[in-house]
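Treat the numbers as computed from the prediction; the structure is a model and nothing was measured. FYI, side chains are in, hydrogens and waters are out, and symmetry mates aren't considered; it's all heavy atoms of this structure. We name chains A, B, ... by the order of the sequence lines, and we start the count at 1 in each one.
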Amino acid sequence: MATDSWALAVDEQEAAAESLSNLHLKEEKIKPDANGANGAVVKTSANTEKTEEDEKEDRAAQSLLNKLIRSNLVDNTNQVEVLQRDPSSPLYSVKSFEELRLKPQLLQGVYAMGFNRPSKIQENALPLMLAEPPQNLIAQSQSGTGKTAAFVLAMLSQVEPANNHPQCLCLSPTYELALQTGKVIEQMGKFYPELKLAYAVRGNKLERGQKVGEQIVIGTPGTVLDWCSKLKFIDPKKIKVFVLDEADVMIATQGHQDQSIRIQRMLPRNCQMLLFSATFEDSVWKFAQKVVPDPNIIKLKREEETLDTIKQYYVLCNNREEKFQALCNLYGAITIAQAMIFCHTRKTASWLAAELSKEGHQVALLSGEMMVEQRAAVIERFREGKEKVLVTTNVCARGIDVEQVSVVINFDLPVDKDGNPDNETYLHRIGRTGRFGKRGLAVNMVDSKHSMNILNRIQEHFNKKIERLDTDDLDEIEKIAN
DNA sequence: AAAAAAT
């Protein structure tokens, strides 16, 4: 059972609490966790005569204590909801990467990426994912809370670099996201000398009869399915960890669903399955739990928190041309940092990019109709900051992480195939900004009664006021650009 | 409607 590794980690925490109690502290209590695992009571004998050295130690210990208290209190607000497959095993969350007893070269990779301590989702998901035997997990956590690093770490901790065949497989909904996640895998795994990563994406062609020798494969569903079935480049029976990123689209949208499920069925019975997303609509939750055998579930559900750091506005127009004019008025303000402009169709996106260019505004265009080489080049230029404004479709709605993006513009509001508001996509789109708690700005373009109605329904769904913005009023624009 | 395919 998993209890062995957990028990070790708990011991270690108790040892830490012990050493804390040897310091000169005022009497303090740490509130036990909801699960009791992190509970510790620290008592001290008050010392009247203190040296300067003692004072220093006091302050250090006090600040450590404050941190512990704060994080325990955060846990008690039910910010994190954990549903365990085996309720008898102790619920455990880690407060440092050391507690996970990772291989040294992996810990080195984690720190090299600048991670000092686990994020909220990582605290709870990592012990579960690294347990023995491997546990399946469905995890929901807002944009920019460290989901990618969490599942990459899980893959890297299971991989055996000496074996030259794919052991971990990760699916992404788009080409750009696969490239981005691949980079994280490469960075975090760079201290494994033998470890290699293969990209199973459109345009990446292998010789017939060839086998993938890389230990980890990241890819998009169509190509991965081909590589596993028809082309036999990958032996799916040897996969130990299977990750679905943006899992709700992967299992619920037509096209992706078919391929993802077909791939999943080829995997061995004991393969670990990890599903991650910022959003799971109710019906998709149910389906996800049917797809994943014996799932553990972690929800970090604070949509309001994401929305608090992002100011949302709407601009009232009468047609597409007026939206275009309003956008031109905004151009100066949005190019202070980087911006993404979302359109409903590829056609609108390319039209808009062309029109903006004609007006002398430099913009980049990215949509699924472009060649993959071109797409890779555009996203790279945008990442490097060489392009300030990216006009795109839903291809970039999810996962794309460019830190300098501070403005998201919905030139068209997100709607589903039936013309209803697509709340999940809305949240993902505006989640491209305000990453890791930074402030962001979202501007929605409304051009009809119908789209005003859609916006109102989105506003109701998130119960968050979206204010009117007058783009003809320069002071107003000044205000949002600050 | 977009995305995903060596079909």
Side-chain angles (χ1 to χ4, degrees), chain A residues 169-182 198-212 217-234 243-264 266 277 279 284 320 340-353 365-376 378-379 390-400 410-429 432 445 447-448 450-451 454:
Chain A
L169 175 60
C170 176
L171 294 189
S172 294
T174 65
Y175 174 76
E176 286 75 16
L177 192 53
L179 296 191
Q180 178 179 289
T181 306
Y199 289 86
V201 292
R202 194 149 62 177
N204 200 355
K205 296 184 179 173
L206 299 184
E207 299 276 320
R208 212 188 313 174
Q210 210 179 324
K211 290 273 181 250
V212 174
V217 178
I218 171 89
T220 40
T223 309
V224 170
L225 181 59
D226 275 356
W227 286 23
C228 285
S229 55
K230 201 172 56 192
L231 303 169
K232 300 225 168 7
F233 294 155
I234 297 173
V243 178
L244 284 179
D245 193 9
E246 305 297 343
D248 56 336
V249 267
M250 300 305 278
I251 62 168
T253 65
Q254 198 45 255
H256 281 136
Q257 178 179 46
D258 254 38
Q259 293 166 329
S260 303
I261 300 296
R262 281 178 63 194
I263 294 165
Q264 187 219 355
M266 302 169 80
S277 183
T279 53
V284 182
R320 192 166 83 162
M340 293 174 90
I341 304 175
F342 288 97
C343 302
H344 189 51
T345 66
R346 300 164 164 190
K347 215 175 132 192
T348 308
S350 69
W351 167 84
L352 181 60
L365 171 67
L366 181 52
S367 88
E369 67 186 348
M370 293 159 56
M371 308 261 286
V372 280
E373 296 80 10
Q374 209 180 349
R375 289 169 64 169
V378 169
I379 196 75
L390 186 67
V391 179
T392 187
T393 62
N394 275 343
V395 69
C396 286
R398 285 166 170 263
I400 298 304
N410 286 320
F411 191 79
D412 299 312
L413 297 178
V415 290
D416 64 18
K417 59 176 169 22
D418 306 316
N420 290 316
D422 186 343
N423 297 313
E424 282 69 37
T425 300
Y426 182 83
L427 194 64
H428 278 280
R429 279 185 183 181
R432 295 315 92 218
M445 305 280 197
D447 63 358
S448 62
H450 178 243
S451 60
I454 303 242

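- The footprint of chain A on DNA chain B, defined by a heavy-atom cutoff below 4.0 Å, extends from B:dA1 to B:dT7.
- Using a 4.0 Å heavy-atom distance criterion, A:Leu231 is classed as a base contact.
- Considering only heavy atoms from C-beta on, A:Leu171 stays 4.5 Å or farther from A:Gln259 through its side chain.
- Comparing A:Asp422 and A:Thr220 against DNA chain B, the residue whose closest nucleotide sits nearer the 5' end is A:Asp422.
- Among the protein residues, A:Arg375 comes within range of the sugar-phosphate backbone only, with heavy atoms under 4.0 Å from sugar or phosphate atoms but none that close to a base.
- Two residues are said to be in side-chain contact when any heavy atoms from C-beta on lie closer than 4.5 Å; A:Arg398 and A:Thr279 meet this criterion.
- Residue contacts shown for A:Phe342 are absent, as no nucleic acid heavy atom lies under 4.0 Å away.
- In this structure, A:Leu171 reaches neither bases nor backbone, as no heavy-atom distance under 4.0 Å exists between it and the strands shown.
- Contact annotation for A:Gly255: base contact, defined as any heavy-atom pair under 4.0 Å involving a base atom.
- The number of heavy-atom neighbours closer than 6.0 Å to NZ of A:Lys211, taken from other residues, nucleotides and ligands shown, is above 12.
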Check against side chain to side chain contact (heavy atoms under 4.5 Å, CB included), A:Ile218 and A:Tyr199:
CA-CA 5 Å; A:Ile218 171 89; A:Tyr199 289 86; 3.7 Å; yes
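- Of the inter-residue distances, the one linking A:Ile341 atom CD1 with A:Arg429 atom CZ reads 11.5 Å to the nearest 0.5 angstrom.
- Each of A:Ile251, A:Asp245, A:Asp248, A:Val284 was evaluated against A:Ser277; a single residue qualifies, A:Asp248, per the side chain to side chain contact (heavy atoms under 4.5 Å, CB included) test.
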